[in-house]
There are 2 protein chains.
Amino acid sequence: MREFSRSLPMSLLRAREAVMRQFRPSLRQHGLTEQQWRILRALAAIGAVEVTELARTAFLLGPSLSRILRDLEARHLIERKTAKEDQRRSMVSISEKGVKLMAVVAPTSEAIYAEITRRFGTRKLADLQEMLGELEQSLAGLGSADEAIAEE
Amino acid sequence: MREFSRSLPMSLLRAREAVMRQFRPSLRQHGLTEQQWRILRALAAIGAVEVTELARTAFLLGPSLSRILRDLEARHLIERKTAKEDQRRSMVSISEKGVKLMAVVAPTSEAIYAEITRRFGTRKLADLQEMLGELEQSLAGLGSADEAIAEE
DNA sequence: CGAATTCATTTAACATGTTAAGTATCTCTC
DNA sequence: GAGAGATACTTAACATGTTAAATGAATTCG
């Protein structure tokens with residue numbers, strides 16, 4: 001069997017951890033987790049969105065997002081209001097307090113990203129992201145929760 | 001600010017998820033999580049190891065590993081015995097039952113990996129892993145839990 | 001119209017990630 | 001050789017990942 005530590009999943013895991021390790025301390029100082037920060041950024045970029053689309057954008061599963069939104073709302077960092085036409089949907093948006101928090105955190109976050117880019121190289125970073133996108137594309141539609149049924 | 005969904009952390013997260021989505025159903029059919037599978041593979045490759053080194057090899061934090069080993073031991077998939085010279089250390093190894101389980105799971109797992117390799121391309125896969133390793137290297141020693149202290 | 005179905009979101013249950021604290025053992029030093 | 005410190009591992013507490021089930025609201029279809 002392939003040497004365990006050289007598998008693709010491990011390479012991806014180690015690389016991502018190396019990157020996230022840079023951001024976590026700064027976020028933590030402001031009481032934010034990686035996921036909470038993703039949600040705030042997504043909301044700031046998009047504006048008001050439904051929960052389902054926010055999940056797609058921030059790449060979080062519904063249950064995780066549901067819990068995090070509850071907490072962020074309790075901290076008044078986001079706002080929620082149910083849609084008038086469809087009572088099932090709720091529109092989520094970042095609050096003024098959330099915007100202010102982002103303004104505090106963003107500079108450090110940007111500086112860290114810049115340092116990572118500097119160390120790894122701008123060109124290599126672009127190449128890497130290109131390859132990661134291609135990898136994702138090449139696997140699209142393979143494990144979409146349909147193929148596994150045949151094995152049951 | 002940089003378009004959120006194109007950040008390096010997101011690219012890495014999406015790519016890894018695309019890959020792991022392929023493996024999870026098969027592992028799940030055998031009652032294994034991704035992390036439990038990593039541990040079994042690591043043990044099969046290395047033999048008997050201390051918990052701390054296993055954590056390094058399987059890329060898991062101590063507390064996670066501690067819990068998982070407790071469960072795997074209860075399922076008789078691994079074995080543990082405290083070292084004679086140093087009562088603090090315990091040597092972990094895969095059990096016969098664990099080996100048999102691996103023999104059942106491995107073929108499917110290998111087939112999935114082969115399919116991923118085929119779709120993405122052997123050469124590109126090697127290139128990608130090379131770049132991921134370089135990224136990890138270029139960030140080594142940056143966020144080793146020391147630099148954040150200056151900010152406190 | 002009304003039951004069945006679909007859809008958006010939440011809750012539940014269990015496993016892991018993450019940081020801090022605890023426990024037991026070992027080592028080192030005076 | 002006794003106490004301070006270091007080391008290996010575990011527990012605790014809280015946040016998220018993951019799958020299944022529940023809830024409530026809209027839609028479809030007979």
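Values below: all heavy atoms of this structure, side chains included; hydrogens, waters and symmetry mates excluded. In what follows, every chain begins at residue 1, and chains take the letters A, B, ... in the order their sequences are listed.
For A:L32 and D:dA15, the CG to P distance is 12 Å, given to the nearest whole Å. Put simply, CG on A:L13 is 9 Å from P on C:dT18, counting in whole angstrom units. Between the CZ atom of A:R38 and the P atom of D:dG17 there is a distance of 6 Å, rounded to whole Å. The CZ-C1' distance, from B:R89 to C:dC26, rounds to 9 Å in whole Å. Put simply, CZ on A:R70 is 10 Å from P on C:dT10, counting in whole angstrom units. The interatomic distance linking A:E50 (CD) with D:dA26 (P) rounds to 13 Å, in whole Å. Here the P atom of nucleotide D:dA8 and the NZ atom of B:K84 are 19 Å apart, to the nearest Å. One atom, CG of B:D71, and another, P of C:dT16, lie 7 Å apart when rounded to the nearest Å.
At C:dG17, none of the side-chain N or O atoms of A:Q35 fall inside 4.0 Å of OP1 or OP2 (strictly under the cut-off). Residue A:S64 has no polar side-chain atom (N or O) positioned under 4.0 Å from OP1 or OP2 of D:dT16. In terms of phosphate contacts, A:S90 brings no side-chain nitrogen or oxygen within less than 4.0 Å of OP1 or OP2 of C:dA8.
Of the charged side-chain nitrogens involved, at least one lies within less than 4.0 Å of a carboxylate oxygen, so that A:R118 and A:E115 count as a salt-bridged pair. Of the charged side-chain nitrogens involved, at least one lies within less than 4.0 Å of a carboxylate oxygen, so that A:R24 and A:E17 count as a salt-bridged pair. For the pair B:R89 and B:E53, the salt-bridge criterion is not met [side-chain N within less than 4.0 Å of a carboxylate O].
For the pair B:L65 and A:L61, both in contact range of DNA chain D, the more 5′-proximal nearest nucleotide belongs to B:L65. The residue among A:D86 and A:I68 whose nearest nucleotide of DNA chain D lies closer to the 5′ end is A:I68. Looking at which nucleotide of DNA chain C each of A:M91 and A:R28 is closest to, the 5′-most match is held by A:M91.
Using a 4.0 Å heavy-atom cutoff across all strands shown, A:T33 reaches sugar-phosphate atoms only and no base atom.
Taking a 6.0 Å sphere around NZ of A:K100, one finds it holds 12 or fewer heavy atoms contributed by other residues, nucleotides or ligands.
At a cut-off of 3.5 angstrom, the base of D:dG17 holds no donor-acceptor pair with the side chain of B:R24.
Nearest nucleotide to the A:P63 side chain, out of D:dT19, C:dA8, C:dC26: D:dT19. Looking at the side chain of A:Q87, the nearest of the listed nucleotides C:dT10, C:dT25, D:dA25 is D:dA25. Relative to the side chain of B:R88, the nucleotides D:dG24, C:dA24, D:dT18 differ in distance, and C:dA24 lies closest.
Between the side chains of B:S11 and A:Q129, at least one donor N or O sits under 3.5 Å from an acceptor N or O.
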